[in-house]
Amino acid sequence: MAGTSGEAGLAPELLRRMDAYWRAANYLSVGQIYLYDNPLLREPLRPAHIKPRLLGHWGTTPGQNFIYVHLNRVIRQYDLDMIYISGPGHGGPAVVANTYLEGTYSEVYPDVSQDAAGLARLVRQFSFPGGIPSHAAPETPGSIHEGGELGYSLSHAFGAAFDNPDLVVACVIGDGEAETGPLATAWHGNKFLDPATDGAVLPILHLNGYKIANPAVLARISREELGELLRGCGWTPRFVEGDEPAAMHARMAAALDETVAEIRRIQHAARAEGATARPRWPMLVLATPKGWTGPKVVDGKPVEGTFRAHQVPLDDPAGNPEHLAQLEAWLRGYRPEELFDEAGRLRPELAELAPRGLRRMGANPHANGGLLLRGLRLPDFRDYAVAVPEPGAADAADTEVLGRFLRDVVRWNQEGRNFRIFGPDETVSNRLGAVFEATERQWEAPIEPGDEHLARAGRVMEVLSEHQCQGWLEGYLLTGRHGLFNSYEAFIHIVDSMFNQHAKWLKVTRRLAWRRPIASLNYLLASHVWRQDHNGFTHQDPGFIDHVINKKAEVVRVYLPPDANCLLSVIDHCLRSRHYVNVVVAGKHPAPQWLAMDEAVRHCAMGAGIWAWASSDQGAQPDVVMACAGDVPTLETLAAVAMLRQGLPELKVRVVNVVNLMKLQPEREHPHGLPDADFDALFTRDRPIIFAYHGYPWLIHRLTYRRTNHDNLHVRGYKEEGTITTPFDMTVLNDLDRYHLVQDVIDRLPQLGARGAYLKQEAQDKLVDHRRYITTYGQDMPEVRGWRWSAPAKGGTRAGL
């Protein structure tokens, strides 16, 4: 078959030693799944040597061990800078075994030493209480991808390769993982990889035929059809197929030699000869039996080469003598006495096959990106401030202002090549277009006349797949760089599960001293729920915040800046932060600006505070607290306050704005949380609180349920009412508008009596007028569109912020 590698190449002695190294990795992998003790089989295997619970996945493991030993060879032969991504990360025994054999594991975990005692710890700890997980987890040296949830390996690989011109990212893709949507799209990452300035991604599609209980699609189509699929995605596949080890070693070695040569040819053409045509990068398709070298038949049923090899082929060796005998024969079939010396160390002639030092894939600093992380050069965000002579006197589009700051972040870090902006074709829509004054979108496919802001190299990465944007950014961060993901708020839900996995990774790595902190994953969510009036109900969903807050408090942060100056301050903070997920929700349409820059900096530093210039309770307890979080809720709250203070001038109103949502939690539950005394000082212990919130109201109740005054807290937010309508009508549909807020206050203050009744009637009348006006003219009433804050005569001074 065209594209199938031959068998010429390496010396027989080298291939023999590579086979022995592979046997050692397989032996340790089986040991990790099964053995509690007796790791070198120095005595006959007994039930007491078997773990009480057998957990792990054998099916993918021998194939990954085979790949790893061959990658070791080309790393040494060609002095490659390479990391390894295990897409079928449930083959964790393979990655652990290989990093142990190369010596990295024992350097990171000295108690898992290179001797019999260390081997005993190695096998016992796997999938064992107090030990290590069964996947390529954060605890595994060399891993940037756990692989517990399938679909993201190739996206991570491309993210790691961007701006790493000397790096080769070997990415093993399981044939089951290849059925996922994110992976199916990830093949097109080659249209965004610049051979002149980026590294190389080497996909290795591992066809072992089966998933948990079903055949894999790509393994069951013809090799011709599979080749057409991969070539149609822009790759040049080389097939390595078989089950006889000696022949397969020769074929794999030849295929890798050809592949490395082709990668180098592509890069030389781009870097030395100025080639600009998009290359067809090489990749491998490795077809081997599932559970290769394991039991062929168990209890009369075939196992090797079937779905039954997926997890634990022999499920009861401690209680079934026949299984125990099979397990011992399986283990002894690897001839451990030829692999390990009397002290339990890998024999020197095998150990020397592994790369040295930082060339070992488990020790490569790119797989511990915090080691390589350099801080961004950031301009002073204050230089981009919107002039706000008085609250509400100026209008600005918040993200448009931010775009000018990000433009210069790109400029200041062009030489360092360590900052990129990712997004699903929404950078301009989210009004960050100023960045294109400094860079272009990176795009390796043809560029047609009339295209805008496309180039072979650029700092903006756009593809209409939130999965790819997230995966690329994660790979970029995990290998020691910085980035920002901008998206429509509603559709960031597409990556809910990817966020989960990254947050879990951050949580675990915080307690691993050898894992250095990485740059935070920063989400900028624009085109948000309250200004999707033109796209309608499908585009209206603020629930990503709720999802994020489910994660550990030590990892997640959520910010709702009320205006452009606060947004600048927040983003500057986020770009400097480490090892968090920061979610920032901001508006993109022109809106009133509230705080001058110095005030914004102070307000954001506090995270929540009283806006004295909007309040009327100085020197006394307020009658009501009007709280808000988010740009539109802030606008509606201030409009309601103005109406209240004009109609009920004796009413004492306190306005509290919240930027950092985590301030609402007690400090014992989140490091940013306010102490109870400080929370009570802001929100009082016994006065009604009308809280206008950007998202779903119950989240505010959840964050504050332990607070003293929670029973007096009344939250208005998005309650799943939406359509194509006017901006203000979106707030009306969800009872978040100024007129509903005014009525809420009056309903909570029965002492207002008749005075409150008249103002409530006025608010109700305004809602009737609003409905009639928008259905007649198709836009909001002039008094809504043109509303401006004007402090009543008895209002507080601005200096009191």
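Computation of the quantities below employed the complete heavy-atom set of this structure, encompassing side-chain atoms and omitting hydrogens, waters and symmetry-equivalent molecules.
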Using 30° and 60° as the class limits, which term best fits the ring planes of Trp235 and Trp187: parallel, tilted or perpendicular? perpendicular
Pro39 side chain near Leu122 side chain, heavy-atom distance below 4.5 Å: no
Less than 4.5 Å apart, side chain to side chain, heavy atoms only: is that true for Ser134 and His90? no
Less than 4.5 Å apart, side chain to side chain, heavy atoms only: is that true for Leu339 and Arg335? no
Can you list everything that forms a side chain to side chain donor-acceptor pair (under 3.5 Å) with Asp163? Sequence neighbours excluded, please. Arg417, Arg420, Arg459, Tyr476
Excluding sequence neighbours, so at least two apart, what forms salt bridge (Lys or Arg N to Asp or Glu O under 4.0 Å) with Lys296? Glu304
Looking at Arg223 and Glu228, is there a salt bridge between them, counting it only when a charged N and a carboxylate O are closer than 4.0 Å? no
For Arg121, check salt bridge (Lys or Arg N to Asp or Glu O under 4.0 Å) against everything at least two apart and list the hits. none
Electrostatic pair Arg238:Glu258 at N-O distance under 4.0 angstrom: yes
Ion pair present between Glu338 and Arg23, side-chain N to carboxylate O less than 4.0 angstrom? yes
Would you say the side-chain atoms of Asp175 and Tyr210 include a donor-acceptor pair closer than 3.5 Å? no
Polar side chain donor-acceptor pair, Asp19 to His249, under 3.5 angstrom: yes
How long is the gap from NE2 on His268 to CD1 on Ile263, to the nearest 0.5 Å? 15.5 Å
CA sep, side-chain torsions, deciding dist, call: Arg347, Glu337, salt bridge (charged side-chain N to carboxylate O under 4.0 Å, His left out): CA-CA 10 Å; Arg347 294 190 180 276; Glu337 67 281 358; over 6 Å; no
Compute whether any side-chain donor of one residue and acceptor of the other, for Thr236 and Glu262, lie under 3.5 angstrom apart. no
If you measure from CG on Leu314 to CG on Asp299, what distance do you get to the nearest 0.5 Å? 8.0 Å
Would you say that Pro355 contacts Met361 through its side chain, given a criterion of any heavy-atom pair below 4.5 Å between the two side chains? no
Under the side chain to side chain donor-acceptor pair (under 3.5 Å) test, residues paired with Ser29 that sit two or more places apart: Asn65
Indicate whether any N or O donor in one side chain lies under 3.5 Å from an N or O acceptor in the other, for Trp514 and Tyr109. yes
Check: Ser497/Glu149 side-chain N/O donor and acceptor closer than 3.5 Å: yes
Please determine if Asp79 and Arg356 form a salt bridge, counting it only when a charged side-chain N lies under 4.0 Å from a carboxylate O. no
Distance-only, no hydrogens or angles: does the Thr140 side chain make a donor-acceptor pair with backbone N or O of Ser143 under 3.5 Å? no
Could you tell me whether the side chain of Arg220 and the main chain of Pro215 form a donor-acceptor pair under 3.5 Å? no
For the residue pair Tyr152 and His467, does the interplanar ring angle fall in the parallel (under 30°), tilted (30 to 60°) or perpendicular (over 60°) class? parallel
Say you draw a straight line from CD of Gln125 to CD of Gln32; how long is it, rounded to the nearest 0.5 Å? 7.5 Å
What residues form a side-chain contact (heavy atoms from CB on, under 4.5 Å) with Pro138, not counting sequence neighbours? Glu146, Trp505, Val508, Thr509, Leu512
What's the separation between atom CG in Leu286 and atom CD1 in Ile67, rounded to the nearest 0.5 Å? 5.0 Å
Do you know which of Leu218, Leu154, Leu284 makes side-chain contact (heavy atoms from CB on, under 4.5 Å) with Leu205? Leu218
Pairwise side-chain contact, Val95 with Asn98, heavy-atom cut-off 4.5 Å (strictly under): no
Please check: side-chain N/O of Arg359 versus main-chain N/O of Leu80, any donor-acceptor pairing under 3.5 Å? yes
Ring centers of Trp22, Phe66 separated by less than 6.0 Å: yes
Are any of the side-chain heavy atoms of Asn364 and Met82 separated by less than 4.5 Å? no
How far apart are the closest heavy atoms of Pro44 and Arg332, and which atoms are they? CA-NH2, 4.1 Å
May I have the list of side-chain donor-acceptor pairs in residues 273-280 shorter than 3.5 Å, sequence neighbours left out?
{"residue": "Arg280", "atom": "NH1", "partner": "Arg231", "partner atom": "O", "Å": "2.7"}

If you measure only the distance, is there a donor-acceptor pair under 3.5 Å linking the side chains of Glu322 and Gln326? no
For Asn164 and Asp198, which I'm curious about, is there any donor-acceptor pair between the side chains at under 3.5 Å? no
Polar contact flag, side-chain donor to acceptor under 3.5 angstrom, Glu102-Thr104: yes
Side chains of His49 and Arg46: is there a donor and an acceptor less than 3.5 Å apart? yes
Can you find a pair of side-chain heavy atoms, one from Leu331 and one from Pro336, that are under 4.5 Å apart? no
Which heavy-atom pair separates Pro141 from Val108 by the least distance, and what is that distance? CG-CG2, 4.0 Å
Please enumerate all residues that pass side-chain contact (heavy atoms from CB on, under 4.5 Å) together with Ala329, with sequence neighbours excluded. none
Would you find a donor on one side and an acceptor on the other, under 3.5 Å apart, between the side chain of Lys290 and the backbone of Leu207? no
Going by salt bridge (Lys or Arg N to Asp or Glu O under 4.0 Å), name the residues that satisfy it together with Arg308, two or more places apart in sequence or in a different chain. none
Sequence-distant partners of Asn214, side-chain contact (heavy atoms from CB on, under 4.5 Å), two or more places apart: Lys211
Contacts of Arg345 meeting side-chain contact (heavy atoms from CB on, under 4.5 Å) (sequence neighbours excluded), chain-then-number -> Asp341, Ala343
With distance as the sole criterion, is a donor-acceptor pair present between the side chains of His156 and His145 under 3.5 Å? yes
Can you confirm if the aromatic rings of Tyr84 and Tyr68 lie within a centre distance of less than 6.0 Å? yes
When you compare the side chain of Phe340 with that of Asp115, does any pair of heavy atoms fall below 4.5 Å? no
Could you give the distance from CD1 (Ile144) to CZ (Arg515), rounded to the nearest 0.5 Å? 9.0 Å
Decide side-chain contact (heavy atoms from CB on, under 4.5 Å) for Val297 and Val303; before the verdict, give the C-alpha distance in whole Å, the side-chain angles of both, and the deciding distance to 0.1 Å. CA-CA 5 Å; Val297 177; Val303 173; 6.0 Å; no
Could you work out, with side chain to side chain donor-acceptor pair (under 3.5 Å) as the rule, every residue matching Gln311, not counting sequence neighbours? His57
Between the main-chain N or O of Gly148 and the side-chain N or O of Gln501, is there a donor-acceptor pair closer than 3.5 Å? no
Kindly say whether the aromatic ring centers of Trp292 and Trp58 come within a distance under 6.0 Å. no
Going by the side-chain contact (heavy atoms from CB on, under 4.5 Å) test, name the single residue among Leu193, Leu202, Val201, Thr259 that passes it with Trp281. Leu193
Please confirm whether the backbone N or O of Cys233 pairs with a side-chain atom of Lys191, one donor and one acceptor, at under 3.5 Å? yes
Gln114: what forms a side chain to side chain donor-acceptor pair (under 3.5 Å) with it, not counting sequence neighbours? Ser106
